[in-house]
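This structure is a prediction, so every number in the text was calculated from the model and none was measured. Below, chains carry the letters A, B, ... as their sequence lines are ordered, and counting in each starts from 1.
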There are 2 protein chains.
Amino acid sequence: MTQSFRLGVAGLGTVGAAVVRMIARRAEALAAATGREIRVTAVSSRDRTRDRGLDMAGVTWFDDPVALAGSGEVDCVVELIGGSEGAAKAVVEAAIAAGKHVVTANKALLARHGAALAKAAEERGVALAFEASAAGGIPVVKALREGLPGNAVSRVYGILNGTCNYILTRMELEGLTFEDCLKDAQALGYAEADPTFDIEGFDTAHKLAILTSLAFGTEIDADGVSVEGISAIQPLDLTMAKELGYRIKLLGVAQLSDGGVEQRVHPTMVPKSSSIAQVMGVTNAVTIDADAVGELTLIGPGAGGEATASAVVADIADVAARIVRPTFGRPTTRLRPASRVEMQRHEGGYYIRLTVHDRPGVAAGVATRMAERDISLESILQRRTESAASQDPRGRSGRPVPLVLITYAATEGTIRAALEAIAADGLLAEAPQLIRIERE
Amino acid sequence: MTQSFRLGVAGLGTVGAAVVRMIARRAEALAAATGREIRVTAVSSRDRTRDRGLDMAGVTWFDDPVALAGSGEVDCVVELIGGSEGAAKAVVEAAIAAGKHVVTANKALLARHGAALAKAAEERGVALAFEASAAGGIPVVKALREGLPGNAVSRVYGILNGTCNYILTRMELEGLTFEDCLKDAQALGYAEADPTFDIEGFDTAHKLAILTSLAFGTEIDADGVSVEGISAIQPLDLTMAKELGYRIKLLGVAQLSDGGVEQRVHPTMVPKSSSIAQVMGVTNAVTIDADAVGELTLIGPGAGGEATASAVVADIADVAARIVRPTFGRPTTRLRPASRVEMQRHEGGYYIRLTVHDRPGVAAGVATRMAERDISLESILQRRTESAASQDPRGRSGRPVPLVLITYAATEGTIRAALEAIAADGLLAEAPQLIRIERE
């Protein structure tokens with residue numbers, strides 16, 4: 001057997017510890033698959049005293065992860081520190097500069113500094129592999145980069161954040177409010193103490209930016225993602241979605257449009273019969289629309305120590321087998337510049353929930369403002385509670401009641417202009433709720 | 001740019017023609033991804049005169065595909081002739097003997113001669129790639145072989161034949177008989193004139209044998225697959241499935257069990273809420289159960305010229321990028337011998353539809369025979385039509401009526417012994433219908 005492949009693992013949290021255990025547990029299979037023995041020879045973490053239950057015999061400990069990156073005992077640095085700046089960035093840069101391969105699960109780092117790091121890796125002829133950074137345990141990087149080279153991709157979209165999908169699932173199935181579900185998610189460890197990064201869509205946006213680059217061969221452009229989270233979703237929206245044949249999911253969507261690429265993260269109505277609508281709880285899913293395969297959907301775990309380690313180890317095995325692919329699927333000089341399509345130009349169906357004053361002519365007023373802008377309505381639903389109707393049989397109370405519209409395809413700019421006109425008419429008791437519809 | 005990568009395409013049917021077109025259409029992207037220009041330099045097919053709408057400038061035509069395989073103008077032979085023997089086998093053997101890489105979509109060839117061909121390819125140091133042979137356009141070979149090396153797989157199962165899934169979907173949604181759906185499938189081109197290979201499960205068995213080898217690192221063993229098709233499924237079974245919370249799918253299942261691997265193809269009851277149950281029409285799907293990722297499901301097109309070409313071209317791109325992996329994921333000497341677990345030892349839940357004589361004590365007699373063998377019943381459903389009940393209010397007509405049992409986990413041997421005893425008791429008016437239940 002040829003020389004063994006030596007790993008330096010920087011970061012021994014849940015994922016790091018799982019990687020170290022997996023490399024040991026799967027030693028025979030990994031050697032058979034790659035033709036080399038794979039060994040962890042060095043590790044680094046903040047807390048040396050913590051017992052992680054790992055066999056550290058023959059493993060060198062580094063207090064400084066950057067020193068690990070430069071160590072002569074390491075062929076490949078596995079960066080599992082996290083965060084787009086600080087130690088994680090320093091380690092990856094140092095590893096590449098020292099001519100070592102890098103495997104990382106760090107989506108923030110890739111999203112922010114992927115272009116520069118890919119260029120550096122390319123110049124040094126080393127791998128910068130990141131399967132775990134896009135959809136945790138789902139091998140979607142492989143699918144996009146290696147599984148579909150014969151295809152022109154037109155759209156990639158997915159449920160990329162388990163916390164949000166868990167919350168939306170419970171809101172739907174149990175009729176709970178967003179706030180109650182978030183509390184439960186925190187208690188169960190599915191959401192952080194500060195959940196902003198997950199629930200406001202930023203985590204999804206980082207992952208989406210990575211998928212976009214792979215799908216369209218474009219430079220990574222995390223700042224070009226339009227981001228909207230799930231905190232404004234109300235139980236009524238889930239009820240209405242169900243009634244109209246949809247489910248609400250937080251999707252990241254990247255789509256060819258007008259010669260550019262739309263990148264957007266927002267709560268989305270998806271047809272209840274679609275594959276993606278079936279994905280419940282913390283599970284993730286990605287659907288790829290491409291000219292030759294049509295539709296391809298991958299469903300699996302988006303997070304968790306073992307699942308993330310699975311993706312990290314797949315990258316390690318590739319590099320151990322001496323497979324070094326261009327980071328984003330093609331040389332950095334052949335990536336096309338990101339060409340943004342702003343949300344105003346997005347075209348699609350919309351769910352619009354207005355809170356209007358209950359009085360004659362309101363629905364007609366709303367419909368007129370839509371018609372003036374050539375927005376066609378697929379459905380219009382006005383429903384008062386029975387008690388309100390019995391108290392006010394003629395519908396002139398002026399009290400706030402919901403009015404839900406489903407539009408056919410229209411641009412976001414047109415929809416927003418119509419809503420502004422409706423607001424200016426004094427018809428609205430509250431700011432409107434607007435949820436985009438994504439068709440299969 | 002380095003030397004171009006020259007393809008010889010043997011077989012210009014739907015898939016072959018799609019591959020030739022795709023290589024041309026995606027020339028820029030393929031060159032960017034692989035670092036080399038990829039060109040079709042030679043083709044071979046039975047009928048030279050047919051107009052396939054392909055640009056054949058600079059392409060050498062071979063009447064004899066084996067001559068193509070030996071041509072000095074070819075670096076990689078793409079075998080799309082089909083069939084486990086004859087020309088397809090001869091071409092692949094000749095190509096390997098001549099030191100050329102091989103990409104094939106031929107599941108029958110792999111299932112029957114995969115072991116010998118993999119050994120030959122290994123000895124010559126060439127690739128034998130077959131992504132298209134397992135699930136058409138779904139990149140499941142990559143997922144199993146390259147996406148999950150850190151995982152121990154415990155089960156892989158899937159809908160691997162679009163014809164069968166199309167027929168079952170229509171039977172379920174429209175209440176049609178098997179025969180009517182088959183006729184429609186033939187008229188629409190989803191089923192062959194002689195549909196035996198698809199509907200009796202042999203196509204699924206070939207694909208399953210390939211997945212088994214990749215999932216468990218075992219020698220391919222197509223003869224070890226227990227095969228049962230869908231031709232005996234009746235509309236009543238689909239109605240009962242629905243009522244009991246299941247759908248019926250033709251599944252291929254490979255599962256670790258008793259130290260060996262069960263390989264089985266049969267109509268299967270899957271829980272209606274499972275990912276695989278959502279897969280309707282000609283679409284295929286594969287679910288992988290593995291220790292680190294838990295459950296991973298891939299859904300996509302299992303057949304069709306463009307979708308199959310997509311998988312073929314992914315393999316071509318790998319080989320063009322000089323990536324030569326062991327055929328079945330590890331060197332042939334490190335594949336474990338197939339260790340069969342016979343169906344008699346399969347343990348699982350069963351749907352049993354008996355046709356019994358409508359008279360007192362029948363249900364009790366059946367239940368007793370089950371209880372004698374420690375088979376626990378989850379449900380027992382006896383339902384007569386209303387008209388039968390009104391004509392015969394005391395239930396003593398002796399006419400044949402259905403009696404449906406759902407069992408908890410039991411071995412197939414025990415179930416069959418109980419059914420033999422029930423038959424010997426003279427309780428049955430027809431042979432029993434037995435459908436295995438697969439849990440998530």
Side-chain angles (χ1 to χ4, degrees), chain A residues 18-19 22-23 25-26 28-30 32-35 131 136-139 142-143 145-152 217 273 275 278-280 283 285 287-288 290-301 304 306-307 309-314 316-318 321 323 325-326 329-331 334, chain B residues 18-19 22-23 25-26 28-30 32-35 131 136-139 142-143 145-152 217 273 275 278-280 283 285 287-288 290-301 304 306-307 309-314 316-318 321 323 325-326 329-331 334:
Chain A
V19 167
M22 197 176 282
I23 292 291
R25 187 170 76 225
R26 295 284 294 169
E28 190 275 336
L30 288 167
T34 66
E131 179 67 80
I138 305 175
K142 275 197 183 295
R145 192 178 55 191
E146 298 149 37
L148 303 172
N151 289 256
S273 61
S275 297
Q278 317 306 323
V279 178
M280 304 299 262
T283 303
T287 294
I288 300 159
D291 59 353
V293 293
E295 184 180 296
L296 188 69
T297 298
L298 290 80
I299 304 171
E306 284 286 315
S310 165
V312 169
V313 170
I316 291 170
D318 271 359
I323 294 168
R325 300 191 184 252
R330 43 169 70 199
R334 296 185 77 158
Chain B
V19 167
M22 196 176 283
I23 292 291
R25 188 169 77 223
R26 296 283 295 168
E28 189 276 336
L30 288 167
T34 65
E131 179 67 80
I138 305 176
K142 275 198 182 296
R145 191 178 54 189
E146 299 150 36
L148 303 172
N151 289 257
S273 61
S275 297
Q278 316 307 321
V279 177
M280 305 298 263
T283 303
T287 294
I288 301 159
D291 59 351
V293 295
E295 185 181 297
L296 188 69
T297 298
L298 289 79
I299 305 171
E306 284 284 316
S310 166
V312 170
V313 170
I316 291 170
D318 272 359
I323 294 168
R325 300 191 185 254
R330 43 171 69 200
R334 297 186 76 159

inquiry  = Could you check whether any side-chain heavy atom of R325(B) comes within less than 4.5 Å of a side-chain heavy atom of I323(A), counting everything from C-beta outward?
reply    = yes

Chain A contact via R330(B) - side chain, backbone, both or neither, heavy atoms under 4.5 Å = both

task = Just give me the residue among S273(B), A307(B), A18(B), G304(B) that pairs up with chain A most often, heavy atom to heavy atom, under 4.5 Å.
result = A307(B)

task = Look at G329(B), A290(B), A317(B) and state which one has the largest set of heavy-atom pairs under 4.5 Å with chain A.
result = G329(B)

request  = Return the minimal non-hydrogen interatomic distance between P149(B) and A314(A), and the atom names on each side.
outcome  = CG-CA, 3.6 Å

inquiry  = So, applying side chain to side chain contact (heavy atoms under 4.5 Å, CB included) with L298(A), which one of I299(B), L296(B), L298(B) is it?
reply    = L298(B)

task = Write down the atom of M22(B), the atom of G150(A), and the distance for their closest heavy-atom approach.
result = CG-O, 3.3 Å

inquiry  = Within this structure, what is the NZ-CZ distance for the pair K142(A) and R145(B), rounded to the nearest 0.5 Å?
reply    = 9.5 Å

key: Segment of E28(B) engaging chain A (4.5 angstrom heavy-atom cut-off)   = both

ask   = For P331(A), is it the side chain, the backbone, both or neither that has a heavy atom under 4.5 Å from a heavy atom of chain B?
value = both

key: Residue selection (most heavy-atom pairs with chain A, distance under 4.5 Å) from V312(B), V293(B), V313(B)   = V293(B)

Part of S275(B) lying under 4.5 Å from any heavy atom of chain A = side chain

inquiry  = Does any backbone or side-chain atom of E146(B) lie under 4.5 Å from a heavy atom of chain A? Answer side chain, backbone, both or neither.
reply    = both

request  = Check each atom of A33(B) against the heavy atoms of chain A and say whether the ones under 4.5 Å are side chain, backbone, both or neither.
outcome  = both

ask   = Is it the backbone or the side chain of A152(A) that comes under 4.5 Å from a heavy atom of chain B, or both, or neither?
value = both

key: Part of A285(B) within contact of chain A (heavy atom distance under 4.5 Å)   = neither

ask   = What residue in G300(A), G137(A), G147(A) has the most heavy-atom pairs under 4.5 Å with chain B?
value = G147(A)

